**Q** 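This is the structure I want to talk about, given as structure tokens.
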Amino acid sequence: MNSANTTFLIVSCVLVFFMTPGLAFFYGGLVSKKNVVNTMFSVFVICGVAVLLYAAVGYELSFNGNVGGVIGTVKHFFLDGLNLAQLQSKELGINVGTFLLFQMMFAIITPALFVGAIVGRMRFNFLLVFIILWSIFIYYPMVHMVWSANGLLASYGVLDFAGGTVVHINAGVTALVLSVFLGKRLDFGKEKQSHYNLPWVLLGTTILWIGWYGFNAGSALGMTEVAVQAFLTTTVATAAALVTWMVLDMIIVGKPTLEGACTGTICGLVGITPATGFVTGAGAFWVGALSAIVSYLFITYVKPKLKYDDPLDAFGCHGVSGIVGSILTGAFASKVANSSINNGLFYGGGFSQLLIQIVGTLFTIVFVTIVASILVFVLKLFMKIRVEESDEITGLDQSEHGEIADYTVSTASSDVSKYGQEFQGQLAHLNNPQD
């Protein structure tokens, strides 16, 4: 076992895990005050559910055995009898246990991403059951097809360094499917939603950016030149997307916004994910900038015409930028960045890798759309997907959890009410002629 590479991967595990509470702050800051607890809890609870499910069957279905290049087989339920000390990669000196932990972190963050599409109207118990079924029938097969040696898309030659198809297109398309099945919020389109806490949005964005280094650089599985390249391209692409979104806001809206800069940052991180270990710094700039441009135009002009309700733009950011990044990998892939791949379109490789990326991207969209739709349709036969209208008006914090995010305001209001009643009593006493 290589101690340096193992330590690097364990640190990457911590960083990727940290992304999920970061996402909770990001989403929690964007939603309305009455849905903060529900939104943050819906993200954070996945840290428990996904870990248990991955230990039970997830790792095996993702990487053990092979059934038609689509899914693995379960031979070690809850990892019983699995040799964690066995080397996963002799070249890098990484054992099965370390690799398993790293992949487990991806299984946590991916379903958390589509929570942004369902805030304020989905029943919490429906979400929990859906996440379990989605992981088994969509996420683990996608991991196997793209990252397993015998996977269908891997055998076809699809490049996905850290999760463009597996994580972001997957979660983004799922978000779109859930948005359509759920329907629109009661107040959809009536007035612009107020955000609970923009500083939380910035905090969440910063945590996600830091954690993304574990996400992208860690996917090299060791402290290698490719890991350094991935760290660099992640930084360049994200900066390019941040600035691009800000400039677009200044041109189109007339002023730069913190919300926009944070959204652009996420789009850059998403867009570079499939390409990060395959492109140069120049390629990263274009991937980041183009991801921001396409997502911005989609959210600003296309989404209003489609009239689906995705409150936090989970599809507009993760789905659209994931699609852009996955396809552009076939255009900007370079042997200069990674000698193990073929050059992309702009580096003399012709259209072959670009076409492969387009096919892989389309396959992911179709596969996820069909299976996610089937899961929702079947689940709706047994469970209600949406809360009652009265609960939606009250807010899911109270109706689903009996909690509120801002106890300070609640206490202050209670105090004002109490003192007001005391004042009214004293006033009535003074106005009494008998007194």
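Model, not experiment: these values are computed from the prediction.
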**Q** For residues Trp212 and Thr238, determine if any side-chain heavy atom of one lies less than 4.5 Å from a side-chain heavy atom of the other.
**A** no
**Q** What verdict does the side chain to side chain contact (heavy atoms under 4.5 Å, CB included) test give for Val51 and Cys47, after you've listed the backbone C-alpha separation in whole Å, the side-chain angles of each residue and the deciding distance to 0.1 Å?
**A** CA-CA 6 Å; Val51 166; Cys47 293; 5.6 Å; no
**Q** Show your working on ring pair (Phe, Tyr, Trp, His ring centres under 6.0 Å) between Phe215 and Phe106 and close with a plain yes or no.
**A** CA-CA 8 Å; Phe215 202 86; Phe106 280 68; 4.4 Å; yes
**Q** Using a 3.5 Å distance criterion without hydrogens, assess whether the side chain of Ser179 forms a donor-acceptor pair with backbone atoms of Ala175.
**A** yes
**Q** Give a yes or no on whether Phe137 atom CZ has more than 12 heavy-atom contacts from other residues, nucleotides or ligands under 6.0 Å away.
**A** no
**Q** Does Arg121 reach the main-chain N or O of Arg386 with its side chain, forming a donor-acceptor pair under 3.5 Å?
**A** no
**Q** Give me the ring orientation class for Phe63 and Phe99: parallel if the planes are under 30° apart, tilted from 30 to 60°, perpendicular past 60°.
**A** perpendicular
**Q** Do the side chains of Lys34 and Glu392 get close enough for a salt bridge, i.e. N-O under 4.0 angstrom?
**A** no
**Q** Hey, are the side chains of Leu232 and Val228 touching, using non-hydrogen atoms and a 4.5 Å cut-off?
**A** no
**Q** Between Asp309 and Leu182, is any pair of side-chain heavy atoms under 4.5 Å apart?
**A** no
**Q** Starting from the C-alpha separation in whole Å, work towards a yes-or-no answer on ring pair (Phe, Tyr, Trp, His ring centres under 6.0 Å) for Phe315 and Phe298.
**A** CA-CA 10 Å; Phe315 177 72; Phe298 179 87; 5.5 Å; yes
**Q** Heavy-atom distance under 4.5 Å between the side chains of Pro311 and Arg185, does that happen here?
**A** yes
**Q** Could you tell me if the ring centre of Tyr59 sits under 6.0 Å from that of His76?
**A** no
**Q** Please indicate whether Tyr308 has more than 12 foreign heavy atoms, meaning atoms of other residues, nucleotides or ligands, lying under 6.0 Å from its OH.
**A** yes
**Q** Looking at Trp200, is its backbone amide N or carbonyl O close enough to the side chain of Asn197 to form a donor-acceptor pair, meaning the two atoms are under 3.5 Å apart?
**A** yes
**Q** Could you go through Met145 and Thr165, starting from their C-alpha distance and side-chain angles, then the distance that decides it, and tell me whether this counts as side chain to side chain contact (heavy atoms under 4.5 Å, CB included)?
**A** CA-CA 10 Å; Met145 285 189 282; Thr165 54; over 6 Å; no
**Q** Between Tyr156 and Phe363 (judged by ring centroids, cut-off 6.0 Å), do the two rings come close enough to count as a pair?
**A** no
**Q** For residues Tyr296 and Tyr301, establish whether the separation of their ring centroids is below 6.0 Å.
**A** no
**Q** Work out which heavy atom in Val146 is nearest to a heavy atom in Leu153; give both atom names and the distance.
**A** CG2-CD1, 3.7 Å
**Q** Do Phe130 and Thr174 come within less than 4.5 Å of each other through their side chains, counting heavy atoms only?
**A** yes
**Q** Run Tyr213 and Thr235 through side chain to side chain donor-acceptor pair (under 3.5 Å) and show every step you take.
**A** CA-CA 9 Å; Tyr213 289 122; Thr235 308; 2.8 Å; yes
**Q** Do the side chain of Thr280 and the main chain of Ala337 share a donor and acceptor less than 3.5 angstrom apart?
**A** no
**Q** What is the minimum heavy-atom distance between Ala85 and Asn95, and which atoms define it?
**A** O-CB, 3.6 Å
**Q** May I ask you to decide if Gly72's main-chain N or O and Asn66's side chain share a donor-acceptor pair within less than 3.5 Å?
**A** no
**Q** Before you tell me yes or no, could you show the steps for Val226 and Phe161 under side chain to side chain contact (heavy atoms under 4.5 Å, CB included), namely the whole-Å CA-CA distance, both residues' side-chain angles and the distance that decides it to 0.1 Å?
**A** CA-CA 10 Å; Val226 174; Phe161 192 81; 3.6 Å; yes
**Q** Taking all non-hydrogen atoms of both residues into account, name the closest pair between Thr329 and Ala275 and its distance.
**A** OG1-CB, 3.3 Å
**Q** Going by heavy atoms in the side chains, are Glu60 and Leu82 under 4.5 Å from each other?
**A** yes
**Q** Please check if the side chain of Asp397 supplies one atom and the backbone of Ile404 the other of a donor-acceptor pair under 3.5 Å.
**A** no
**Q** Are the side chains of Ile385 and Val376 in touch, meaning some heavy atoms are under 4.5 Å apart?
**A** yes
**Q** Is Asn338 reaching over with its side chain to a backbone N or O of Gly277, donor-acceptor style, under 3.5 angstrom?
**A** yes
**Q** Check for a donor-acceptor pair, side chain of Gln353 on one end and backbone N or O of Gly344 on the other, with a separation under 3.5 Å.
**A** no
**Q** Shortest non-hydrogen contact from Ile299 to Cys317?
**A** CD1-SG, 4.2 Å
**Q** Has the side chain of Trp209 got a donor or acceptor atom that lies under 3.5 Å from a matching backbone atom of Leu269?
**A** no
**Q** Is the closest side-chain heavy-atom distance between His144 and Leu61 below 4.5 Å?
**A** no
**Q** For Phe114 and Trp134, I'd like to know if the aromatic rings sit close, meaning centre-to-centre distance below 6.0 Å.
**A** yes
**Q** Which pair of non-hydrogen atoms, one from Ser321 and one from Ser295, has the smallest distance, and what is that distance?
**A** OG-OG, 2.6 Å
**Q** Identify the two heavy atoms, one from Tyr140 and one from Ser62, that lie closest to each other, and give their separation to 0.1 Å.
**A** CD2-OG, 3.6 Å
**Q** Check for a donor-acceptor pair, side chain of Asn35 on one end and backbone N or O of Leu396 on the other, with a separation under 3.5 Å.
**A** yes
**Q** For the pair Thr98 and Thr6, evaluate side chain to side chain donor-acceptor pair (under 3.5 Å) and give the outcome as yes or no after the intermediate values.
**A** CA-CA 7 Å; Thr98 309; Thr6 300; 4.7 Å; no
**Q** Name the orientation class of the two ring planes belonging to Phe124 and Phe41 (parallel below 30°, tilted from 30 to 60°, perpendicular beyond 60°).
**A** parallel
